[in-house]
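Following: one structure in structure tokens, then a few remarks.
Note on naming: letters A, B, ... go to the chains in the order of the sequence lines (proteins, then strands), and numbering restarts at 1 for each one.
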Amino acid sequence: MEAEEFKDQQLQLSEASPKSAEYQALLRAGPRLRLLQQVHAHLVVSGSHRSKALLTKLLTFACAAGISPSSYTFTSVIKACAELSVLRVGRGIHSHVLVSGYGSNAFVQSALVTFYSKSSDLGVARKLFDKMQDRTVVAWNSMISGYEQNGHAKEAIVLFNRMLELYVNPDSTTFVCVLAACSQLGEVRLGCWVHDCIVSNGIHVNVILGTSLINMFSRCGNVSKAREVFDSMNERNVIVWTAMISGYGMHGHGSQAMELFHQLKACGSCPNNVTFVAVLSACAHAGLVHEGRQAFASMRQEYGLLPGVEHHVAMVDLLGRAGFLNEAYQFIKGLKHGELVPPVWTAMLGACKMHKNFDLGVEVAEHLLSVEPENPGHYVMLSNIYASAGRMDRVELVRNMMIQRGIRKQVGYSTIDVKNKTYLFSMGDKTHPETNEIYEYLDELISRCKEAGYAPESESVMHELEEEEREYALRYHSEKLAIAFGLMKTNHGMTIRIIKNLRMCEDCHSAIKFISVVTSREIIIRDKLRFHHFKNGSCSCMDFW
DNA sequence: GTAGGGTTAG
């Protein structure tokens, strides 16, 4: 039962006097189930079954009767443990399951697999799953979903393939899980296969499956396909709309996102808090400051929604990204003390860096470092701000501070698919058998870009920790290597698609614009947050990262 | 009457 529902029911309960005949009857029955059932029947007939006091007493006695739990009891309790993420309690219940002889009940087993997955104990979940004699489709779904939700999208897909090999029929939940895994990996091919499978089998695309398809196509770089799915759905709820709006936002198509937002309102649906985050983000990345401001104001005025931290962050981002640093700062000043959380300042810092406001940037970064000294992102930002102001002494200082505190930047990598195989490159990577050729090709490519006007930006390299990394870092960032490899291995005219785990640096962004010109290729990169479509020297993000 | 699935973002 949902918490709200539960509360509603509780409110309906009225009080009854402890001295009443019903209460006395309960006391006489005591912890004996048969007698309690009789009294309960009487309570229902007499209309006093809404009394909180009577029901409490009834339940207390019923529980004290020592009735042994059934498979129904266990599944419910295990599910509750998973939702509350109470690992210890769940493990205890698991022991009870075994003792009570429900260890091989399919329902209980699936619930346990989900429980361990949600507790991030995938090893135990998998062991349980492997031990099951007859695995229902739900059991497969539990395990596939477990992998996907814990970020192991590849394992999820491996298991899905195993399921097909064993002729287990996937259902629409299976597809939802697999599509989520495809979204994580940017696996267009499998994603499209699943889509075809759904279409050719005439599987009904309900709101959940539709949302998953929209997400998959958006995150795999094909927004127009996402839109086709959206248009083909005969039932849409606010989540479907939000997914489509965010798909547009992710690709920098701010006006389409806004168009959809207006349509959503026009058709009588109510946008929710999540919708507004997606809308504000879409505006921010398309420079639609006026529209964003309006949307933010309408949250409270038209929908009675209270803006939260995420909306404040989005507003600072919207204003700051567009260059209105003072307004962004004033917006922050207008927040309550408790609302001045690090993410708000991080958005402000991003704006300072973007628009090269040295003084404010340093001030904000130092504040962030004092409250979140363990966050590597803040050091990188501060270092970059110093670097772009030519304060190399300070850059060195920040670098040393990171080393001293043992803070390491995340390692970046990029992947590219060539002839149905995925290749992974990391910065300065030399593990590929054709390393020499790739590096030579890249060097030549960069020279051609320089002739066309490309000027490497040195600031992006400054946050690297190791000396030897610095030398290679800029030129050999993973996405550049992946692109060089892709250009070498694919035919002219083919689009290059790259997936990167971090955000792109400014230098790569500028270099790739030139690469798209000198090679006449379209290059699509999905970075940690969004898509960049490079074509003829410009990027779809319009430099609004 | 029990188990599995969807939306934001930095």
From B:dA9, B:dT7, B:dA3, pick the nucleotide closest to the side chain of A:Phe107? B:dA3
Find the distance A:Ile78:CD1 to B:dT2:P and express it as a whole number of Å. 15 Å
I'd like to know if A:Arg503 pairs up with A:Asp527 as an ion pair, taking the criterion as any Lys NZ or Arg NE/NH1/NH2 lying under 4.0 Å from an Asp or Glu carboxylate oxygen. yes
Consider the side chain of A:Val274, meaning its heavy atoms from C-beta on, and name the nucleotide among B:dT7, B:dG5, B:dT2 that approaches it most closely. B:dT7
Return the value, rounded to whole Å, for the distance between atom CH2 of A:Trp241 and atom P of B:dT8. 17 Å
Assign A:Gln149 to base, sugar-phosphate, or nothing according to its heavy-atom contacts below 4.0 angstrom with the strands shown. sugar-phosphate
Quick one: label A:Asn272 by what it contacts on the DNA or RNA (base, sugar-phosphate, nothing), any heavy atom closer than 4.0 Å. base
Rounded to the nearest 0.5 Å, what separates atom CH2 in A:Trp241 from atom CE in A:Met244? 10.5 Å
Sorted by chain and residue number, the ring pair (Phe, Tyr, Trp, His ring centres under 6.0 Å) partners of A:Tyr116 (sequence neighbours excluded) come out as A:His94
How would you label the contact of A:Lys528 with the nucleic acid (heavy atoms, under 4.0 Å): base, sugar-phosphate, or nothing? nothing
To the nearest Å, how far apart are A:Phe175 CZ and B:dG6 C1'? 16 Å
Who passes side-chain hydrogen bond (donor to acceptor under 3.5 Å, both in side chains) against A:Arg91, sequence neighbours left out? none
Can you figure out which of B:dG5, B:dT7, B:dT2 approaches the side chain of A:Lys118 most closely? B:dG5
Counting only pairs under 3.5 Å, give me each side-chain donor-acceptor contact of residues 204-214 of chain A, with atom names and distances, residues two or more places apart or in other chains.
{"unit_1": "A:Asn206", "atom_1": "OD1", "unit_2": "A:Ile208", "atom_2": "N", "d": "3.1"}
{"unit_1": "A:Asn206", "atom_1": "OD1", "unit_2": "A:Leu209", "atom_2": "N", "d": "2.7"}
{"unit_1": "A:Thr211", "atom_1": "OG1", "unit_2": "A:Val207", "atom_2": "O", "d": "2.6"}
{"unit_1": "A:Ser212", "atom_1": "OG", "unit_2": "A:Ile208", "atom_2": "O", "d": "2.9"}

Side-chain donor or acceptor of A:Asn206 under 3.5 Å from a matching atom on the base of B:dG6? no
Compile the donor-acceptor pairs under 3.5 Å between side chains in residues 363-374 of chain A and protein atoms, sequence neighbours left out, one pair per line.
{"unit_1": "A:Glu363", "atom_1": "OE2", "unit_2": "A:Tyr329", "atom_2": "OH", "d": "3.4"}
{"unit_1": "A:Ser370", "atom_1": "OG", "unit_2": "A:His367", "atom_2": "O", "d": "2.6"}
{"unit_1": "A:Glu372", "atom_1": "OE1", "unit_2": "A:His378", "atom_2": "NE2", "d": "2.8"}

Any residue of residues 308-315 of chain A with a heavy atom less than 4.0 Å from an atom of DNA chain B: A:Glu310
Side-chain atoms of A:Ile208 come closest, of B:dT8, B:dT2, B:dG6, to B:dG6
Let me know the distance between CD1 of A:Ile144 and C1' of B:dA3, rounded to the nearest Å. 15 Å
Is there side-chain contact between A:Phe358 and A:Tyr386, with heavy atoms separated by less than 4.5 Å? yes
Residues two or more places apart in sequence or in another chain: which of them pass side-chain contact (heavy atoms from CB on, under 4.5 Å) with A:Val277? A:Glu310, A:His311
Which of residues 250-258 of chain A sit near DNA chain B, with a heavy atom under 4.0 Å from it? none
Contact list please: residues 185-204 of chain A against DNA chain B, heavy atoms, distance less than 4.0 Å, in numerical order. none
Looking for any heavy atom pair under 4.0 Å, which part of the strands does A:Asn237 touch: base, sugar-phosphate only, or nothing? base
Under 30°, 30 to 60°, or over 60°: which ring-plane class applies to A:Tyr147 and A:His152, parallel, tilted or perpendicular? perpendicular
Per A:Ala111 side chain, nearest of listed nucleotides B:dT7, B:dA3, B:dG5: B:dA3
Would A:Phe217 and A:His195 count as a close aromatic pair, with their ring centres under 6.0 Å? yes
Has the side chain of A:Thr211 got a donor or acceptor atom sitting under 3.5 Å from an opposite partner on the base of B:dG6? yes
Would you indicate what A:Thr136 reaches in the nucleic acid, counting non-hydrogen atoms under 4.0 angstrom: base, sugar-phosphate, or nothing? base
Check every atom of B:dA3, B:dT2, B:dT8 against the side chain of A:Val138 and return the nucleotide holding the closest atom. B:dA3
Does A:Ser71 reach a base, just sugar-phosphate, or nothing at all? Heavy atoms under 4.0 Å. base
Distance-only criterion, 3.5 Å: show the donor-acceptor pairs between side-chain atoms of residues 184-191 of chain A and protein atoms not counting sequence neighbours.
{"unit_1": "A:Gln184", "atom_1": "NE2", "unit_2": "A:Glu148", "atom_2": "O", "d": "2.8"}
{"unit_1": "A:Gln184", "atom_1": "NE2", "unit_2": "A:Glu148", "atom_2": "OE2", "d": "3.2"}
{"unit_1": "A:Arg189", "atom_1": "NH1", "unit_2": "A:Asn420", "atom_2": "OD1", "d": "3.3"}
{"unit_1": "A:Arg189", "atom_1": "NH2", "unit_2": "A:Asp417", "atom_2": "OD2", "d": "2.8"}

Let me check something: any side-chain donor-acceptor pairs from residues 153-172 of chain A under 3.5 Å, sequence neighbours excluded? List them with distances.
{"unit_1": "A:Asn161", "atom_1": "ND2", "unit_2": "A:Ile157", "atom_2": "O", "d": "3.3"}
{"unit_1": "A:Arg162", "atom_1": "NH1", "unit_2": "A:Glu165", "atom_2": "OE1", "d": "2.8"}
{"unit_1": "A:Asp171", "atom_1": "OD1", "unit_2": "A:Asn141", "atom_2": "ND2", "d": "3.2"}
{"unit_1": "A:Asp171", "atom_1": "OD1", "unit_2": "A:Thr173", "atom_2": "N", "d": "3.1"}
{"unit_1": "A:Asp171", "atom_1": "OD1", "unit_2": "A:Thr174", "atom_2": "N", "d": "3.1"}
{"unit_1": "A:Asp171", "atom_1": "OD1", "unit_2": "A:Thr174", "atom_2": "OG1", "d": "2.9"}

Regarding A:Thr275, tell me which of base, sugar-phosphate or nothing describes its non-hydrogen contacts under 4.0 Å with the strands shown. nothing
Round to a whole Å and report the spacing from CD1 of A:Ile245 to P of B:dA9. 11 Å
How would you label the contact of A:Val108 with the nucleic acid (heavy atoms, under 4.0 Å): base, sugar-phosphate, or nothing? nothing
Quick note, A:Ser281 side chain, CB onward, closest among B:dG5, B:dG10, B:dT2 is B:dG10
To the nearest angstrom, the CG-P distance between A:Asn273 and B:dT8 comes to 14 Å
ring-ring contact (aromatic ring centres under 6.0 Å, His included) pairs, two or more places apart, involving residues 125-144 of chain A: A:Phe129-A:Trp140
From CG of A:Asn150 across to P of B:dG5 the rounded distance in Å is 12 Å
What is the distance, rounded to the nearest whole Å, between atom CZ of A:Arg219 and atom P of B:dG6? 11 Å
Which residues share a side-chain hydrogen bond (donor to acceptor under 3.5 Å, both in side chains) with A:His312, sequence neighbours left out: none
